[in-house]
Each structure stands twice: as structure tokens, then as C-alpha cells.
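No hydrogens, no waters, no symmetry mates; every other heavy atom, side chains included, goes into these values.
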Amino acid sequence: MRNSVFLGSVLTMPYLVTAIIKPFKLEEVNENLRAAGMLGLTVTEVSGYGRQGGKSESFRGTEYLMEFVPKVKIEVLCEESELTKVVDLIATSAHTGKVGDGKIWSYELSSLMRIRTSEQGNDAI
């Protein structure tokens with residue numbers, strides 16, 4: 001763990017966990033994160049493609065390729081001690097076993113501040 005020094009005190013910095021998942025799994029992921037005590041979640045509708053390179057759809061007998069597949073991006077702030085739990089919970093909740101289940105990544109933030117109170121680091125989660 002890397003610590004940041006701020007005004008003479010040591011702050012442990014939180015992590016940002018980002019996941020791209022199938023849209024219909026959002027509710028399950030959200031419910032499980034709330035049940036695990038996560039206090040916040042940011043959701044963005046996104047589209048893209050991975051190894052599958054899009055997907056084929058059929059409309060009125062005509063087949064066409066959807067180059068960009070609709071997905072949902074979720075972002076969760078957590079302390080380092082909760083990182084593995086959050087990643088595992090998202091992975092388990094979003095899993096279907098089919099192509100396009102998504103990806104999860106995380107990184108340590110170099111700074112975080114709650115605007116209203118000026119709290120910093122883990123206190124700002």
C-alpha cells in the first residue's frame with residue numbers, strides 16, 4: 001500500500017473499482033454492493049466491444065452486426081481493505097458464463113476530496 005502525505009499527516013488513499021457489465025446484471029450488482037455496506041455507486045451507460053468484436057442481431061429477417069454492444073460501467077470507491085471483497089462481489093454478481101460478461105479493474109487514487117466537507121483520502125468515501 002502506498003501512503004500519501006498531506007499537510008504533515010499520512011493518509012491512506014482509497015481505490016476506484018471500475019467494471020463494465022451487461023446491463024441486465026446492474027440491479028443484482030447494486031443490491032449486493034449495498035448489502036455489503038458500499039455507500040455509493042456511479043453508473044454510466046456505455047457501448048463498446050471486446051474479443052467478440054460486436055454481435056449479430058436479426059431484425060425483420062435481416063441480419064446485421066452491432067459493432068458496439070450496449071454495456072453499463074459502474075464505479076465504486078472503497079478502502080484498500082475492502083478492495084478484494086468489492087471486486088469478488090461484482091465478479092460473482094455480474095457473471096453469466098457467456099461471452100461479454102465484462103471486465104473489472106481497479107487503481108489506487110492519488111487524491112480524493114469530499115467537496116462539501118473537505119475530507120480527504122478514505123474519509124472522503
Side-chain angles (χ1 to χ4, degrees):
M1 174 178 72
R2 186 174 55 87
N3 291 325
S4 298
V5 177
F6 180 74
L7 298 179
S9 62
V10 176
L11 294 174
T12 58
M13 294 309 299
Y15 279 72
L16 177 64
V17 178
T18 303
I20 306 293
I21 63 171
K22 292 181 175 185
F24 71 90
K25 297 300 280 182
L26 176 60
E27 186 175 338
E28 183 178 345
V29 170
N30 182 39
E31 288 173 0
N32 289 334
L33 284 170
R34 281 180 175 266
M38 296 298 105
L39 301 176
L41 174 70
T42 300
V43 178
T44 310
E45 292 181 10
V46 297
S47 60
Y49 62 89
R51 289 185 188 173
Q52 80 272 19
K55 69 177 185 176
S56 294
E57 290 284 331
S58 184
F59 180 71
R60 295 186 178 175
T62 303
E63 202 160 303
Y64 64 96
L65 178 66
M66 284 183 58
E67 193 171 342
F68 297 102
V69 180
K71 299 286 184 172
V72 174
K73 178 170 82 171
I74 60 173
E75 296 172 302
V76 181
L77 292 170
C78 68
E79 295 181 19
E80 183 179 22
S81 62
E82 298 175 316
L83 181 60
T84 301
K85 176 177 80 171
V86 170
V87 170
D88 289 346
L89 192 144
I90 293 170
T92 302
S93 302
H95 181 263
T96 68
K98 297 180 181 170
V99 172
D101 271 355
K103 299 272 189 293
I104 305 170
W105 61 92
S106 65
Y107 50 92
E108 185 179 25
L109 300 176
S110 61
S111 67
L112 176 65
M113 176 190 279
R114 183 186 312 266
I115 295 171
R116 179 178 55 85
T117 62
S118 298
E119 294 169 294
Q120 305 230 357
N122 285 332
D123 293 337
I125 295 179

- Query: Who are the side chain to side chain contact (heavy atoms under 4.5 Å, CB included) partners of Thr18, not counting sequence neighbours?
  - Reply: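 Here the qualifying residues are Leu16, Lys73, Glu75, Trp105.
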
Gap between atom [atom2] of [Y] and atom [atom1] of [X] - 0.5 Å precision:
{"X": "Leu89", "Y": "Thr84", "atom1": "CG", "atom2": "OG1", "result": "12.0 Å"}
{"X": "Leu41", "Y": "Ile90", "atom1": "CG", "atom2": "CD1", "result": "8.0 Å"}
{"X": "Tyr15", "Y": "Leu109", "atom1": "OH", "atom2": "CG", "result": "9.5 Å"}

Under the side-chain hydrogen bond (donor to acceptor under 3.5 Å, both in side chains) test, which residues partner [X], sequence neighbours left out?
{"X": "Asp88", "result": "none"}
{"X": "Ser118", "result": "none"}
{"X": "Arg34", "result": "none"}

Which heavy atom of [X] sits nearest a heavy atom of [Y], and at what distance?
{"X": "Gly121", "Y": "Pro14", "value": "C-CD, 3.7 Å"}
{"X": "Val76", "Y": "Gly40", "value": "CG1-O, 4.0 Å"}
{"X": "Thr117", "Y": "Arg114", "value": "OG1-CD, 3.3 Å"}
{"X": "Cys78", "Y": "Leu83", "value": "SG-CA, 3.8 Å"}
{"X": "Met38", "Y": "Val86", "value": "SD-CG2, 3.5 Å"}
{"X": "Ile104", "Y": "Ala91", "value": "CD1-N, 3.6 Å"}

- Task: Evaluate the side-chain proximity of Val43 to Val72: yes if any heavy-atom separation is below 4.5 Å, no if none is.
- Result: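 Of all side-chain heavy-atom pairs linking Val43 with Val72, at least one is under 4.5 Å.
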
- Message: Can a donor-acceptor pair be found, under 3.5 Å and without considering hydrogens, that links the side chain of Asp101 to the backbone of Thr96?
- Response: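 Side chain of Asp101 to backbone of Thr96: a pair is present.
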
- Okay, side chain of Lys85, backbone of Ala36: is any donor-acceptor separation there less than 3.5 Å?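 Yes, Lys85 side chain to Ala36 backbone: donor-acceptor pair under 3.5 Å.
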
Let me check something: any side-chain donor-acceptor pairs from residues 25-33 under 3.5 Å, sequence neighbours excluded? List them with distances.
unit_1: Lys25; atom_1: NZ; unit_2: Glu28; atom_2: OE1; d: 2.8
unit_1: Lys25; atom_1: NZ; unit_2: Ser93; atom_2: O; d: 3.3
unit_1: Asn32; atom_1: ND2; unit_2: Glu28; atom_2: O; d: 3.3
unit_1: Asn32; atom_1: ND2; unit_2: Ser93; atom_2: OG; d: 2.8

- Query: Are Ile20 and Tyr107 in one and the same hydrophobic cluster, where Ile, Leu, Val, Met, Phe, Trp and Tyr link if side-chain heavy atoms are under 4.5 Å apart?
  - Reply: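 Result: yes, single cluster for both.
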
- Message: Could you go through Leu39 and Ile125, starting from their C-alpha distance and side-chain angles, then the distance that decides it, and tell me whether this counts as side chain to side chain contact (heavy atoms under 4.5 Å, CB included)?
- Response: CA-CA 8 Å; Leu39 301 176; Ile125 295 179; 5.7 Å; no

- Query: In chain order, what residues pass the salt bridge (charged side-chain N to carboxylate O under 4.0 Å, His left out) check against Lys71, with sequence neighbours excluded?
  - Reply: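 With sequence neighbours excluded, Lys71 shows a salt bridge (charged side-chain N to carboxylate O under 4.0 Å, His left out) to no residue whatsoever.
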
